[in-house]
Number of protein chains: 2
Amino acid sequence: MTTSGVVPQARFSAQARLRALQSDIMELILERELEAGDPLPTESELSVALGVGRNTLRESLKVLQALGVIEIRHGFGMFVAPSNFDALADGLTFRGRLSLRHQGLEALQLVDVRQALESGLIGSSIDVMTTEQLASIEEAVKQMEELAAAGENFVAADAEFHRRLFEPLNNELLINLMGVFWKVYRKIHVEIGPGNEDLVKTAAMHRSIYAAVAAGDKVSASELLNRHFDGIRRRISEAVGD
Amino acid sequence: MTTSGVVPQARFSAQARLRALQSDIMELILERELEAGDPLPTESELSVALGVGRNTLRESLKVLQALGVIEIRHGFGMFVAPSNFDALADGLTFRGRLSLRHQGLEALQLVDVRQALESGLIGSSIDVMTTEQLASIEEAVKQMEELAAAGENFVAADAEFHRRLFEPLNNELLINLMGVFWKVYRKIHVEIGPGNEDLVKTAAMHRSIYAAVAAGDKVSASELLNRHFDGIRRRISEAVGD
DNA sequence: CGAGCATCGGACGTCCTACATCCGATAACC
DNA sequence: GGTTATCGGATGTAGGACGTCCGATGCTCG
């Protein structure tokens, strides 16, 4: 509703104008009741409709794309996007790596938040977990154990394990957020070096978490997750100490 | 180090190239060991160094700005930015409002995540809370009560209350995330209408949460927070039901 | 007659030029 | 010496030109 027309003299800062432009585009989507997957007007049409040059408009569109609001397909068009948190992951990864040059504060904060989410929600997840989902979790554990026995890294299996733990909650936002934290942690982990972690021991830790979940023991599961994160936190601290 | 020169034929998709460009910029910051507040090269210099046009470069820069990686000041220059989660808030707000047109799923998921964070971390926060911080929380409660008695809305006081609850943890990422969730919820709240909420009752609810925190009763505090969020969740469900 | 292929048009991607706007700093002026 | 005017540099905005990609239309060939 703020797009009553072309503003002859925008007296606000350029930054505010760009934000307003982004808001206008989002408002336009909401007003036209477009759903995920629906096409947006072309760049030319939008630039005319919003009274800005194509260049300025594109800068806003790229931001919206990065924010996961729209999806841009070369040579085809623009569409309302399904959730996409990749960009957020990039931003947070950057922050985490930047912080590692100091005390690793932000990296540790990231672990704190992830810990709060996982150990706080594991109980609810256990409540609604099906036997199939439980089996898929064990599958991930087995995979980790096999890879650990072979002396190989098990990044993907580890990620899968944590994802499946909270799949029962059916909360996409949560899954996305945890995926972001995971990605960031992986990048940071690479940064601080291979570490001297014991693969077999780590796999066993996940096995015990699974056991608690399978037994429906919410308290133990939460506690074990906490301990798991304590280890991660310790490793980051050690790396920064160097 | 990937910027060994101009690539004559970029065979990858445009989207991948833009992402690579963003990564290159972030790598450049990390390689040069720039800290928050340090200046970046000018647009012209960067466009030459990275082998892309100023326009293409600017699109990436705008994304990085939105992601809170860099700060752009008109007519002055670009700098490594302190944390900024405003853009994330905008993206999530959009998603939330979009979801309200359906079942309000994403909006409810947002509340779930916020609930997990708040009720999960309140215990830790109580552990390290100082008397000054406790007093500042009561201050926020009083403000809410006064505004409620006057029949006025207390958006800011409510936000302050929740922020101060977790200030003791000294976790900027958490504060930022909760700030995001708060902003999104406020926008959604406006969307679903004024509602028939009882201001006095809501203020009383916050007073009871404060009481539990002051008493060091972690279990009660967590439980009260849960109930608080149940109310929010119910209100969203009602609004969608219309 | 149908499958495969070439062409076409539209839409996004990139680059360039030009000018506007803003900011800090220098230098002139009172 | 303090204040103000000007300047230079940097970002902001606009428009145009051309490249690249994609889907679709229509043609050709089996």
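The CD-P distance, from B/Q15 to D/dC21, rounds to 14 Å in whole Å. For the pair B/R58 CZ and D/dG12 P, the interatomic distance rounds to 4 Å; values are reported in whole Å. Straight-line distance from the CG atom of A/L18 to the C1' atom of D/dA14: 15 Å, rounded to whole Å. One atom, CD of B/E59, and another, C1' of D/dG12, lie 14 Å apart when rounded to the nearest Å. Between the P atom of C/dC15 and the CG atom of B/L50 lies a distance of 11 Å, rounded to the nearest Å. For A/N55 and D/dT11, the CG to P distance is 15 Å, given to the nearest whole Å. Spacing between atom CG of B/L46 and atom P of D/dA10 amounts to 12 Å, rounded to whole angstrom units. Distance, B/L61 CG to D/dA10 P: 14 Å, rounded to whole Å.
A donor-acceptor pair is defined here as one N or O able to donate and one able to accept, closer than 3.5 Å; such a pair exists between the side chain of B/Q109 and the backbone of A/L173. Checking side-chain atoms of B/R164 against main-chain N and O of B/S136 turns up a donor-acceptor pair under 3.5 Å. Side chain of B/S125 to backbone of B/L165: a donor-acceptor contact under 3.5 angstrom is found.
Residues that satisfy the salt bridge (charged side-chain N to carboxylate O under 4.0 Å, His left out) test with B/E152, not counting sequence neighbours, are absent from this structure. Not a single side chain to side chain contact (heavy atoms under 4.5 Å, CB included) links B/E146 to another residue, sequence neighbours left out. Applying the side chain to side chain contact (heavy atoms under 4.5 Å, CB included) test to A/D112 and every residue at least two apart in sequence or in another chain returns A/R233, B/N171. Residues satisfying the salt bridge (charged side-chain N to carboxylate O under 4.0 Å, His left out) test with B/E167, not counting sequence neighbours, are B/R163. The side chain to side chain contact (heavy atoms under 4.5 Å, CB included) check on A/P41 picks up A/L28, A/R32, A/E45, A/L46, with sequence neighbours excluded. Shown here are the ring-ring contact (aromatic ring centres under 6.0 Å, His included) partners of B/F161, two or more places apart in sequence or in another chain: B/H206. With sequence neighbours left out, A/N55 forms a side chain to side chain contact (heavy atoms under 4.5 Å, CB included) with B/N55.
Taking every heavy atom of residues 71-79 of chain B and every atom of DNA chain C, pairs under 4.0 Å involve B/R73, B/H74, B/G75, B/F76, by number. If you check residues 33-42 of chain A against DNA chain D, you find no residue with a heavy atom closer than 4.0 Å.
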Write out a two-atom table: protein N or O, nucleotide N or O from nucleotides 4-6 of chain D, distance below 3.5 Å.
none

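Closest contact between the side chain of A/E43 and the listed nucleotides D/dA14, C/dT14, C/dC12 involves C/dC12.
Look at A/R17 and you'll find a side-chain N or O under 4.0 angstrom from OP1 or OP2 of D/dT13. A sub-4.0 Å separation between OP1 or OP2 of D/dG12 and a side-chain N or O of B/K62 is present.
Identified under the salt bridge (charged side-chain N to carboxylate O under 4.0 Å, His left out) test for residues 62-75 of chain B, with sequence neighbours left out: none. For residues 171-182 of chain A, no pair satisfies salt bridge (charged side-chain N to carboxylate O under 4.0 Å, His left out), with sequence neighbours left out.
The base of D/dT13 is paired with the side chain of B/R54 by a donor and an acceptor separated by under 3.5 Å.
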